[in-house]
Every structure is written in C-alpha cells, then in structure tokens.
Amino acid sequence: MHRVLNVAEKNDAAKSLARLLSKNSASMREGFSRFNKIYEFNYQLFNQPVQMIFTSVSGHIMNCDFTAAHNSWAQTDPVILFDATIQKKVTDRALDIEKTIKREVVKCQTLIIWTDCDREGENIGFEVINLCRPLKANLKIYRARFSEITFNSATRALTNLIQPDERVSAAVDVRQELDLRIGAAFTRFQTLRLQRLFGFDSKQVISYGSCQFPTLGFIVERYLQRVNFISEPFWKIAVEHQTEAGEFCEFTWERNRLFEHQPCLVIYDMIMDEPLAKVMDVKSKNKSKWRPAALDTVEMEKLASRKLRMTGKKTMEIAEKLYMKGLISYPRTETNIFPTEINLQPLVQNQANDPRWGAFAQRVLNEGPRPRNGKNTDKAHPPIHPTRYPDGQLTDDENKLYELIVRHFLACVSKDAQGDETTIKISIANENFNASGLIIRERNYLDVYVYDKWSEKELPHYELNQTFYPTKIEMIQGETTAPQLLTESDLIALMEKHGIGTDATHAEHIAKIQDRLYTKMNSERRFEPEKLGLGLCEGYDKMGHALSKPHLRAELENQLKAICEGRANPADVLREQIDKYRQVFIATSVQIQKLDDSMTKYFGPPGQNPPPPPPPRPPPSGPFGDPPQTPRNNNNNQPARPQQPRPPPPARPLQQEQIRPTNSTGVPKCNCDADAKELTVKKDGPNKGRSFFRCGNNDNCNFFAWKDDATPSNAGGGQRQFGDNQANSFRKRRQSDNDDDTKQRKCGLCKQAGHTRRNCPSLNL
DNA sequence: GCAAGGTC
C-alpha cells in the first residue's frame with residue numbers, strides 16, 4: 001500500500017489531526033522521542049487507499065551556531081563573529097525526533113508537511129524535508145495548508161495540497177543568521193567590558209538582542225519623558241447649573257483650557273460681568289458604541305493583561321493549552337477579519353447552552369451572526385475564536401481566558417450598542433460651554449462583553465433660547481501631568497506597531513529584559529528601567545546608531561517580507577545587513593567611552609584594571625538549591641565600591657529666587673559652571689517659540705531654565721508668578737439670585753456703572 | 001555564557 005508520512009509541528013497537532021482524519025480510529029505507537037508519538041490509520045488520498053503515518057517535531061529541530069573554533073569568549077575578537085562560519089545542525093534535544101523521521105520516511109513514498117502556516121512553520125517544514133530528501137529517491141513532497149485543527153479544515157488541506165515555499169523558508173534562514181551574529185558579537189563585547197570595568201558578576205550576562213533592546217528602549221524612552229516632563233500650569237472656566245427641580249448639569253468650556261493666566265482672567269471677568277447663560281443649541285442624535293473587532297493575538301494579550309491581569313507570557317501559555325484541547329482556534333494570528341468561508345452559525349450554536357452567555361448566543365443566532373472585522377490578515381490563520389464548548393474541567397486561568405475569548409467572539413458577531421446623545425450648547429458673554437448626556441437605547445453587545453462600559457448620563461431638559469443664571473462659575477487652575485510609565489499592554493502595542501518580535505515572542509522578550517535586570521514591573525504593574533537598563537540605553541543612544549530603537553528591526557522585517565514575496569534575494573539581503581552591522585559594531589567599539597560614561601553615572605567610576613579576582617561563590621546549599629544570588633560584588637572581602645547616588649532629576653524651571661549669575665550677555669551658568677546653551681522650543685504646544693537654556697557642557701548636568709525667567713531684566717514677569725494659592729483666590733462663586741439682573745452692575749475695568757468691560761470707554765484708549 | 005524562533 002502507498003504510505004504517506006505526515007509531520008506536524010508538535011505532537012498534539014499530529015495527534016488531533018490523526019484523530020480527526022481517522023474519525024477516532026488511529027492507532028498509536030512509540031517513536032524514539034517519548035514526546036512525539038506515531039499515529040497510523042488508513043485513508044483515501046489521491047483517489048487511492050493509503051496508509052497515513054502521522055508524527056511530529058517539537059518546533060525547530062535545528063539551530064544555527066558558531067563552530068567550536070569561536071566558542072571562547074576570551075579568545076575570539078567579537079568582530080570576527082560577523083564573518084565566522086555558522087553551522088546549522090539538529091539540536092541534541094531533537095536527535096530522537098530526527099531518528100524517528102528518518103526511520104519512517106524510508107518506508108514511505110510521500111511526505112506531507114503539516115507545520116503551522118507561518119514563516120517559521122515553513123522553515124521547520126524545510127528542516128524536515130532536508131532530513132528526508134537524501135534518504136529516499138522520488139519522495140513526493142507536499143505542504144498541507146490549514147488554519148485550524150478541525151475535520152473540515154484538515155480534509156480541505158488534503159484535497160488542496162500545495163508545494164512548500166522555499167522563499168519563505170529562506171527569509172527565516174536570513175533572520176536566524178543575523179540574529180545570531182549581531183546578538184553574539186554585541187553580547188560578548190559589552191558583557192566582558194562591563195564586567196571588567198564595573199565589577200558585574202562573571203555569571204551576569206549583559207545581552208544584546210535585536211528584539212530585547214528595542215523593547216527596553218520603549219521602556220526607557222517613556223521613563224525619560226516622564227522624568228524630564230515639565231508641568232505647565234493652565235487655567236479653565238467651569239460652569240455648573242442646578243435647575244429648580246434640583247437636577248444638575250456641568251458645562252465644559254469650548255476653549256478647554258488656556259496656558260496663560262491673564263487672558264483667562266480677562267475672559268472670566270467678562271463672564272462674571274454678564275453671567276446670564278443662553279441656550280444656543282440643543283441636539284439629540286443617535287450614537288453607536290462599536291462592538292469589538294475580531295480578535296488577533298496582540299489584542300488578546302492586551303485585553304488579558306488589562307482585564308484579567310494576566311501577563312502576556314501567561315496568556316500565550318494558556319491559549320496554547322486551550323488550542324491543544326481543540327477549544328479555540330490557533331492563538332498566534334495577525335488576522336482580525338473573519339474569512340467568508342468560516343461558518344459562524346455553528347460556532348455560536350456551540351455556546352448556546354452556557355448559563356453565562358447562552359441566552360446571548362441564542363439572540364445572536366436569531367439575528368444571524370455578523371462579525372465586525374478589522375483590517376489585517378496574515379493569510380494563514382483566522383481570528384481567535386472558540387471552536388468547541390469544553391466537555392471537561394478547565395483550570396481557573398483556562399476558564400478565565402476561554403471566557404474572554406468567547407465573550408469577545410459573541411460580542412464581535414452581535415450588534416453595536418445604540419444610544420441617544422444629547423448635547424447642549426450655552427453661551428455666556430459670548431463664551432461657549434457644552435454639556436453632553438447619553439441614554440442607552442439598546443445595549444446589544446454590551447450584554448455579553450462585560451469588559452466594556454458605556455456610562456449613561458442624563459441631562460436636565462433645556463429649551464433653545466432659554467436663559468438662566470449658572471449656580472457656579474469658577475476659574476480653575478490645573479497643571480499638565482507627566483505621561484505614565486508603560487503597562488505591559490502599552491508595551492505589547494508598541495512592539496506590535498514597530499514589528500518587534502512575533503505574536504508568540506512579545507511576552508518572552510519582556511520577560512527576558514527583566515531577567516537581565518534591565519527593567520522591572522513596579523507595584524502598579526508598570527515598567528520602570530533599572531540602572532543597568534538606563535545606562536545601556538543612554539550609552540548607545542549617545543553613539544547615535546539607534547541600537548535601542550525599533551527602526552533597524554523594522555527595516556529587516558520589511559526585507560524579510562520582500563524575500564517571502566520574491567521581491568528580494570536572500571543572499572543579497574544577508575550580505576547587506578551583515579556589512580551594515582559590522583560597521584555599526586566597529587563604530588561602537590571606537591566610541592565605547594560613551595557607554596562607560598553612562599554606566600559611570602549609575603554605577604560609579606570604573607574599577608581598577610586588571611579586574612579583581614572573581615568573588616568566591618558560596619557552596620551550593622544542598623537539595624533546596626543555591627541561596628539567592630547577589631547581583632554584584634558585595635559578597636566578597638573587598639570593600640564595596642562607593643556607589644554614586646543617582647543623579648538628581650532634571651531641574652524644573654527656575655523660580656525667581658533661584659536665578660543664577662549670568663555672564664555679560666545674559667547667559668546663565670549651568671550646574672557644571674559652563675555657559676548654558678540657548679535653545680528654542682520647536683515642539684507644538686504652549687511654549688512653542690519660547691527660548692530656554694540647557695547645560696552648556698554636552699548635557700552633562702540636567703540644567704534647565706526658561707530664558708524669560710532667567711534674564712534678570714525680565715525676571716518676575718510672565719505667567720509663572722501666579723502660583724496655586726493665588727489662582728485659588730480668583731475663584732468666585734455666584735448665586736443665581738434674581739436680584740442680580742435688576743441691580744446696576746459696574747464695569748469690571750473702570751468700576752463705573754452703565755456699561756460693561758466689553759464696551760468700556762477705557763478700552764478705546 | 002551570546003540571538004530569536006519554534007515548542008515541552
């Protein structure tokens with residue numbers, strides 16, 4: 001009989017595929033690897049009876065690495081690693097798998113690759129093909145293309161077998177080689193140098209990776225934005241009205257806020273002169289709140305982090321388990337568009353008996369499921385959706401994630417929520433204020449999607465042209481606030497946006513930079529850099545090669561895509577990239593003093609050369625493992641190096657009493673006693689065009705001062721004289737007593753009766 | 001002792 005060897009990416013996939021295709025009649029036997037079994041059954045393929053033999057790998061079975069000649073960190077100049085020979089060979093872990101596949105393929109005439117339908121899956125497929133082809137002349141080789149492990153999907157794949165795509169696999173080879181060369185060269189170089197100069201433990205690897213560094217870069221960038229943030233005061237006017245029936249309404253200023261006190265005060269006074277409000281517009285319109293779009297991996301990780309407080313890593317682990325149990329579709333997908341060939345009806349039907357959302361699923365069935373789609377497709381996998389209702393027990397975490405996926409799915413195929421939005425526009429002394437309210441008419445998807453809130457706000461009834469006196473009119477001072485540190489969800493979104501890592505690895509890179517002591521998650525579940533992370537990013541940033549920025553990786557990603565689509569030649573891309581990074585590496589080693597300087601800021605000046613002997617390690621503590629490791633040299637007999645305190649945060653704008661001595665041209669001295677550098681704000685915002693001073697010594701200190709604050713002739717002027725307390729003293733309160741409009745009011749400017757500030761004769765002066 | 005990518 002014709003025998004067909006089928007190889008899946010993992011044992012569970014082989015097992016499920018065999019079970020589905022054989023209708024549960026496959027027999028199982030052992031292979032050489034105890035994790036990768038062999039499943040056999042008879043099948044009708046190519047219109048003839050065949051024996052199907054299903055087995056699997058466990059992801060990649062090969063790895064590339066340098067040869068033994070370059071293994072020694074001490075004796076290999078890292079720059080050589082850009083050109084050193086690289087071998088690709090079966091990993092030790094996969095030797096048993098290799099043995100099984102080699103033994104089985106010689107008995108077969110056909111090989112079908114069932115690895116996942118993404119770039120890495122294609123490459124893993126070629127690892128298998130390259131093992132098999134030399135062993136069997138005339139071996140027929142096919143690729144099964146499937147996007148979920150279901151009977152329909154698997155049988156469809158078998159009737160539509162295709163050829164494996166060499167270009168896609170070649171793109172992965174390019175990526176592997178570059179990641180290895182660049183990662184190894186920079187990691188060895190910086191680890192050895194920083195261990196030697198700054199006394200890091202000889203076990204502490206200070207790694208560089210094309211994904212881990214940009215990830216760290218995002219965290220550091222946000223941290224610095226926050227530390228360097230200079231708060232700006234602003235002023236705004238708030239209006240409140242309580243109707244005779246006792247209903248409240250708050251109005252917000254159409255100008256939102258002003259960054260200068262004086263103009264705001266002028267407007268406020270004008271309002272207080274004529275505080276009669278007139279209703280200019282009353283609008284009511286339909287408002288929809290959109291149901292969520294079909295779920296892709298990144299969105300799932302972000303949602304689980306926000307709503308379930310589950311890390312990305314954990315989320316992916318659990319999703320993988322749910323997938324293996326056949327409960328959800330493949331969890332690594334960039335697609336958020338449901339392909340038309342997926343029949344949603346039975347998928348919704350599967351959920352119709354659940355006590356929590358069954359009734360909702362039934363409603364969807366009655367109306368017909370209509371998905372809200374996003375804009376992306378990876379042409380490999382559908383959006384994440386439930387494929388089956390669980391028949392056994394799930395763990396707590398599995399339950400929570402399954403629930404999220406089901407609720408998201410049902411919400412996605414249901415209807416947007418509908419409401420009526422009312423907006424009221426009033427005018428007081430020609431200044432406009434708005435209030436808006438919302439009444440929800442149909443909750444629709446909100447009934448199942450407990451993670452979204454849409455709050456109702458009822459407004460009092462107002463008639464067009466109605467007038468009233470507000471209960472309260474206040475001028476309020478506020479301050480702009482610094483951006484928050486990144487949450488995991490923010491970080492994943494940034495990685496996704498810049499093409500750092502894959503759906504499957506975002507979470508791992510985030511874990512890696514914590515292991516490396518570059519960053520940590522604080523008690524508010526936000527990421528803050530550690531000293532080591534700050535020192536590294538700052539040092540490399542000063543060199544200007546953007547190694548901690550996402551662009552290099554994004555550019556490579558584009559070239560890989562071009563290889564996949566046949567627009568670029570893999571060998572050319574590889575050569576070009578290696579040349580580029582070799583140059584960057586050489587330039588880095590020339591300017592390495594910049595990294596040393598940054599590290600010195602955080603770890604004190606470099607120690608003596610030659611390096612002190614490595615600290616004696618305490619003996620292992622027996623069956624319960626090693627005692628906790630101290631990160632650096634504090635457990636030896638030598639006195640610990642004096643630690644320099646962390647540099648102070650950058651100065652806020654100078655207050656008057658802090659004004660510094662200036663030179664003859666009015667330029668102040670910075671904290672390192674150099675003439676400060678004058679710059680102008682270029683960024684759009686309240687201070688655009690305003691001049692300021694920074695450290696004149698290559699930003700050595702954190703000196704900052706506004707020019708108009710620092711220059712004595714101008715000191716004391718400007719908006720900043722209005723502190724919090726003073727601003728509060730401008731708060732006024734006015735009751736809408738009826739006396740007010742019968743009384744003659746006085747002009748706010750000249751204090752004469754008979755006119756107001758706007759038509760005050762003194763304004764004509 | 002390096003990377004990132006699969007998966008266990």
Side-chain angles (χ1 to χ4, degrees), chain A residues 7-15 33-37 56-66 70-76 78 80-82 84 86 88 90-91 93-94 96-97 115-128 168-169 171-192 194-195 200-215 313 316-317 319-321 323-324 330-332 495 499-513 515-516 547 552-553 556-557 560 577 581 585 614:
Chain A
V7 182
E9 192 159 318
K10 47 193 166 267
N11 181 63
D12 294 271
K15 182 178 172 184
S33 154
R34 63 193 180 94
F35 301 112
N36 304 80
K37 315 287 187 193
S56 56
V57 289
S58 292
H60 284 286
I61 53 176
M62 299 184 142
N63 193 24
C64 55
D65 209 344
F66 300 109
H70 296 111
N71 275 352
S72 163
W73 286 36
Q75 283 156 38
T76 310
I80 292 176
L81 300 177
F82 287 99
I86 284 180
K88 193 167 187 179
V90 176
T91 58
R93 237 185 17 176
D96 287 341
I97 294 172
T115 48
D116 296 346
C117 293
D118 50 27
R119 215 152 68 187
E120 297 296 329
E122 211 63 24
N123 189 267
I124 294 167
F126 273 92
E127 291 177 3
V128 174
V168 174
S169 176
V172 173
D173 288 333
V174 169
R175 176 198 60 71
Q176 286 177 349
E177 187 172 333
L178 282 169
D179 284 340
L180 175 65
R181 291 190 190 281
I182 300 162
F186 278 93
T187 299
R188 290 186 189 187
F189 176 64
Q190 72 185 17
T191 299
L192 293 178
L194 298 180
Q195 280 178 358
F200 290 103
D201 190 287
S202 65
K203 293 264 189 305
Q204 186 178 352
V205 173
I206 303 171
S207 59
Y208 174 87
S210 53
C211 289
Q212 45 179 280
F213 250 54
T215 306
K313 198 159 186 248
M316 290 312 290
E317 278 166 23
E320 182 72 24
K321 288 195 182 129
Y323 170 63
M324 283 309 162
Y330 190 67
R332 289 187 277 274
M495 294 171 78
I500 303 301
T502 69
D503 325 333
T505 61
H506 290 146
E508 288 168 28
H509 298 307
I510 296 173
K512 169 83 80 184
I513 55 177
D515 287 349
R516 294 287 190 228
L547 286 173
L552 291 166
R553 182 74 192 186
L556 173 61
E557 193 56 38
L560 296 181
Q577 290 278 332
Y581 275 97
F585 183 85

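A note on names: the letters A, B, ... follow the listed sequences, proteins ahead of strands, and every chain is numbered from 1.
Nucleic acid contact for A:F186: none, since no nucleic acid atom lies under 4.0 Å from a heavy atom of the residue. Using a 4.0 Å heavy-atom distance criterion, A:A185 is classed as making no nucleic acid contact. Among the protein residues, A:T191 comes within range of the nucleic acid bases, having at least one heavy atom under 4.0 Å from a base atom. Using a 4.0 Å heavy-atom cutoff across all strands shown, A:R119 reaches no nucleic acid atom at all. Backbone-only engagement by A:T187 is indicated by non-hydrogen atom pairs under 4.0 Å involving sugar-phosphate atoms exclusively. If you check every strand for non-hydrogen atoms under 4.0 Å, A:R181 touches nothing. Residue A:D65 is in base contact, counting any heavy-atom pair closer than 4.0 Å across all strands shown. Residue-level contact check: A:G121 touches neither bases nor backbone, having no heavy atom under 4.0 Å from any strand. Residue contacts for A:R34: at a heavy-atom cut-off of 4.0 Å it reaches no nucleic acid atom on any strand shown.
Between the CG atom in A:L180 and the CD1 atom in A:I86 there is a gap of 4.5 Å [rounded to 0.5 Å]. A:T215 contributes atom OG1, which lies 10.0 Å from atom CZ of A:R553 (distance to the nearest 0.5 angstrom). For the atom pair A:N36 CG and A:D96 CG, the distance stands at 9.0 Å (nearest 0.5 Å). Once rounded to the nearest 0.5 Å, the distance linking CD1 of A:I500 with NE2 of A:H509 reads 8.5 Å.
When each of A:E9 and A:Q176 is assigned the nucleotide of DNA chain B bearing its nearest heavy atom, the one mapping closer to the 5' terminus is A:Q176. Comparing A:H60 and A:R188 by the nucleotide of DNA chain B whose heavy atom lies nearest to each, the residue mapping closer to the 5' end is A:R188.
Under the rule for a ring-ring contact (aromatic ring centres under 6.0 Å, His included), A:F126 has no partner lying at least two apart in sequence or in another chain.
Taking the six-membered ring for Trp and thresholds of 30 and 60 degrees, A:F186 and A:Y208 have ring planes inclined between 30 and 60 degrees apart.
A:F189 has its ring centre less than 6.0 Å from the ring centre of A:F585.
Scanning DNA chain B 5' to 3' for nucleotides with an atom closer than 4.0 angstrom to a non-hydrogen atom of chain A gives a first and last hit of B:dG1 to B:dC8.
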